[in-house]
Amino acid sequence: MSGERLRNFIGGEYADAKDGRTLEVVDPSTGEAYAEAPVSGAEDVDAAFRAAADAFPAWRDATPGERSLAMLRFADAVEARAQDLVAAESRDTGKPLQMTLDEEVPPMVDNLRFFAGASRVLEGKATGEYMADHTSSIRREPIGVCAQVTPWNYPMMMAVWKIGPALAAGNTVVLKPSETTPVSTLMLAEIAAEFLPPGVFNVLCGDRDTGRALVEHPTPQMVSITGSVRAGMEVAASAAKDLKRVHLELGGKAPVVVFDDADVEAAASGIAEAGYFNAGQDCTAATRVLVADRLHDDFTAALTEAARGTVVGPPSDADAYYGPVNNSGQLERVQGFLNRVPGHAQVLTGGERVGDRGYFFSPTVVGGLRQDDEIVQNEVFGPVITVQKFADEQQAVEWANGVKYGLAASVWTQNHGRAMRMTKALDFGAVWVNTHIPLVSEMPHGGFKHSGYGKDMSMYGIEDYTRVKHVMHYIGG
């Protein structure tokens, strides 16, 4: 891979974009550009999909064992190249180096290994005679060529979440990373090329127009995107014109419901960690807290203290819990929410940019909020935690569900019956009890409502990348 001038990865090798357009890749820790990435146009999109389509028949027809072995070797190589990948990821995102190494690489590798195994255990209804003189069986087949778009908050991890189930099921992929964070995804493609046939995994750099061209292209049979609600709606509308299958993991506004029997210190500490991790740039982040009125003051004080103790710094700062937000536009967005906080609310700590170099924002707590306030209803996607006071369980459920998102939620209580009632009532795809944000490869992750549809990870994830065919034989005399 070129050091300062990036290239697409198509058909197992690096390739220049056809018309030479580029955009700057900026280090968010400094605000300075350090590389140029191609802006791929129609010819590049055609070339990438041609490579993926040419590679599909052989990859589809490879045995599950062959695909599994290739993916296991890919996972081993990712693990061996962890330091290089983390260095690239941290430069693109500003994430702390050691935390990225500890918190992101192991689950990435595990996810690849999970799907390597999952490719060998796809199941369907048992072959049998469901009609006299006829035998029926089920074939679970790959969909074909898949177009995938990943976001800038977890470039490496989201790439793995996309390609893992797709490749394991026998599909081929053209993936476009965010224009602000392409480097680690290109490195993943380069590493994978040692083990996967050319054209199975292609990476195309570019802007929003490039993404639209991927979705609109006639070749892919499925489009998968992790991104904003706006982007997801555009993708769904565009894909509908060609009846492409769509997989959407979109925004979130996770409610964190803290009842009056919760351990105040444990809840405040856990919620601060889950709210400020990755600078709050996580669709599942614990950023919308609802607290029982009896516990509200003590909890808010403990959360504010935890926020003030959270260290913000560049990737090299070993004490930093999180780094900058990803780009200047995101910094402006986060600051805008704080500038518009209504008069009845109060910024208890933070609420401002840190320093004048890079895109750092202070860990923030906002209290005194009402259910219809903008900062409660809309995703900030930054290190900002809001706090509301609720009167009873019914109101907690009403307010928790009273947003357009449905990705994740958590409940903090020692009452087992209450926990069971809440996990049933909360209209979110993942609900944690007395914790928030852990994910495992064996369990599905995906949302409801405006948070999209389809599941990442787990056997549900690989099923999303397959189609079911019924085969019937006449066996009568």
Q. Looking at side-chain heavy atoms only, is the closest gap between Gln346 and Val366 below 4.5 Å?
A. no
Heavy-atom nearest pair, Glu442 first then Ser458, reads O-CB, 3.3 Å
Check your understanding: Does any N or O in the side chain of Asn401 come within less than 3.5 Å of the main-chain N or O of Leu426, such that one atom is a donor and the other an acceptor?
Key -> no
Smallest heavy-atom separation, Thr466 atom then Ala169 atom, equals CG2-CB, 3.7 Å
Interatomic distance, CG@Leu97 vs OG@Ser90, rounded to 0.5 Å, equals 4.0 Å
Check Glu379 with Lys253, please: is the shortest side-chain N to carboxylate O separation under 4.0 Å? no
Test log, rule ring-ring contact (aromatic ring centres under 6.0 Å, His included), inputs Phe381 and Trp152: CA-CA 12 Å; Phe381 221 58; Trp152 45 251; 5.5 Å; yes
For a side chain to side chain contact (heavy atoms under 4.5 Å, CB included) check, start with the C-alpha distance between Asn8 and Val203, then their side-chain angles and the critical distance, and finish with the verdict. CA-CA 6 Å; Asn8 293 324; Val203 175; over 6 Å; no
Looking only at heavy atoms, the pair that brings Val200 and Ala55 closest together is N-CB, 3.8 Å
Would Tyr14 and Glu190 count as a side-chain hydrogen bond (donor to acceptor under 3.5 Å, both in side chains) if you check the C-alpha gap in whole Å, the side-chain angles of each, and the deciding distance to 0.1 Å? CA-CA 8 Å; Tyr14 284 105; Glu190 180 184 296; 2.8 Å; yes
Worksheet entry | Ionic contact status for Asp76 with Arg113, cut-off 4.0 Å | yes
message: Test your reading of the model: is there a side-chain donor-acceptor pair from Ser451 to the backbone of Gly406, 3.5 Å cut-off?
response: yes
For a 4.5 angstrom cut-off between non-hydrogen side-chain atoms, does Ser29 reach Phe360?
yes
Could you walk me through whether Phe49 and His217 pass the ring-ring contact (aromatic ring centres under 6.0 Å, His included) test, one step at a time?
CA-CA 8 Å; Phe49 279 124; His217 199 277; 4.7 Å; yes
query: Regarding Ser184 and Glu89, is there a side-chain donor-to-acceptor distance under 3.5 Å anywhere?
result: yes
Do Trp59 side-chain atoms and Thr172 backbone N/O form a donor-acceptor pair below 3.5 Å?
no
Between the CZ atom in Arg288 and the CD1 atom in Ile375, the distance rounded to the nearest 0.5 Å is 12.5 Å
Main-chain N/O of Pro151 paired with Ser178 side-chain donor or acceptor, under 3.5 Å:
no
- Does the side chain of Pro182 reach to within under 4.5 Å of the side chain of Cys205, using non-hydrogen atoms? yes
Notebook entry, point to check: Backbone N or O of Lys455 within a donor-acceptor pair of the His247 side chain at under 3.5 Å?
Noted result: yes
In short, Cys283 meets Gly251 closest at the heavy-atom pair SG-CA, 4.0 Å
Please say whether more than 12 non-hydrogen atoms of neighbouring residues, nucleotides or ligands are located less than 6.0 Å from CZ in Arg230. yes
_Checking Val312 against Tyr322 for the side chain to side chain contact (heavy atoms under 4.5 Å, CB included) test, could you report, in this order, the C-alpha distance in whole Å, the side-chain angles of both residues, the deciding distance, and whether it holds?_
CA-CA 5 Å; Val312 187; Tyr322 70 83; 3.3 Å; yes
Between Ala272 and Ala306, the two heavy atoms sitting closest are CB-CB, 3.8 Å
Student check: side-chain heavy atoms of Asn202 and Phe9 closer than 4.5 Å: no
One should read off an interatomic distance between His450 NE2 and Leu250 CG, to the nearest 0.5 angstrom, of 9.5 Å
**Report entry** Quiz item: cation-pi between Lys449 and Phe428, 6.0 Å / 45°
**Finding:** yes
So that I can tick it off, tell me whether Arg357 and Glu32 are bridged by a salt bridge, with the cut-off set at under 4.0 angstrom between side-chain N and carboxylate O.
yes
Heavy-atom check, side chain of Asp207 versus side chain of Thr210, under 4.5 Å: yes
d(Thr93 OG1, Met156 CE) to nearest 0.5 Å is 8.0 Å
Cationic N near anionic O, under 4.0 Å, Asp16 to Arg7: yes
Full working for side chain to side chain contact (heavy atoms under 4.5 Å, CB included) between Phe361 and Gln330: CA-CA 10 Å; Phe361 201 85; Gln330 189 61 22; over 6 Å; no
Rounding to 0.5 Å, atoms CZ (Arg21) and CG (Asp209) come to a distance of 7.5 Å
Notebook entry, point to check: Counting N and O atoms only, with roles assigned by atom type, does the side chain of Thr364 sit under 3.5 Å from a partner on the main chain of Val384, one being a donor and the other an acceptor?
Noted result: no
For this session: Flag the pair Pro383 / Ser362 as yes when at least one side-chain heavy-atom distance between them is below 4.5 Å, and no otherwise.
Result: no
Give the ring-plane orientation class for Phe74 versus Phe201, where under 30° counts as parallel, over 60° as perpendicular and anything between as tilted. tilted
Do Lys176 and Thr150 have a side chain donor and acceptor closer than 3.5 Å?
-> no
* **Min side-chain heavy-atom separation Leu248-Val235 under 4.5 Å** => yes
message = Determine whether Leu85 and Val105 satisfy the following criterion, side chain to side chain contact (heavy atoms under 4.5 Å, CB included), listing intermediate values before the conclusion.
response = CA-CA 9 Å; Leu85 285 163; Val105 173; 5.7 Å; no
Side chain to side chain contact (heavy atoms under 4.5 Å, CB included) test vs Cys146 passes for just one of Met222, Gln221, Arg245, namely Met222
Q. Going by atom types alone, do Ser224 and Tyr465 pair a side-chain donor with an acceptor below 3.5 Å?
A. yes
Going by distance alone, is a donor N or O of one side chain under 3.5 Å from an acceptor N or O of the other, for Ser119 and Arg67? no
Distance under 6.0 Å and angle within 45° of ring axis: Arg340 vs Phe337 = yes
| query | Distance-only, no hydrogens or angles: does the Tyr321 side chain make a donor-acceptor pair with backbone N or O of Glu273 under 3.5 Å? | reply | yes
Item to check | Short side-chain to backbone donor-acceptor contact, Asp456 and Lys162, under 3.5 Å | outcome: no
**Lys244 side chain vs Val215 backbone, donor-acceptor pair below 3.5 Å** = yes
Rounded to the nearest 0.5 Å, the OG1 atom of Thr226 sits from the OH atom of Tyr154 at a distance of 12.5 Å
Any chance CD of Glu43 has more than 12 other-residue heavy atoms, nucleotides or ligands included, within less than 6.0 Å? no
Is the shortest heavy-atom distance from the side chain of Pro107 to the side chain of Met157 under 4.5 Å?
yes
Item to check | Exercise: do Asn326 and Thr181 side chains pair donor with acceptor under 3.5 Å | outcome: no
Q) Going by atom types only, do Asp373 and Gln377 share a side-chain donor-acceptor pair under 3.5 Å? A) no
- prompt: Between Glu216 and Arg212, is there a salt bridge with N-O shorter than 4.0 Å?
  reply: no
Under 4.0 Å between a side-chain nitrogen and a carboxylate oxygen: does that hold for Glu104 and Lys95?
yes
_Using modelled atom types and a 3.5 Å cut-off, is there a donor and acceptor pairing between side-chain atoms of Asn111 and backbone atoms of Met457?_
no
**Prompt:** Is it true that atom CG of Asp356 has more than 12 heavy atoms of other residues, nucleotides or ligands lying nearer than 6.0 Å?
**Reply:** no
Smallest heavy-atom separation, Pro314 atom then Ala320 atom, equals O-CB, 4.3 Å
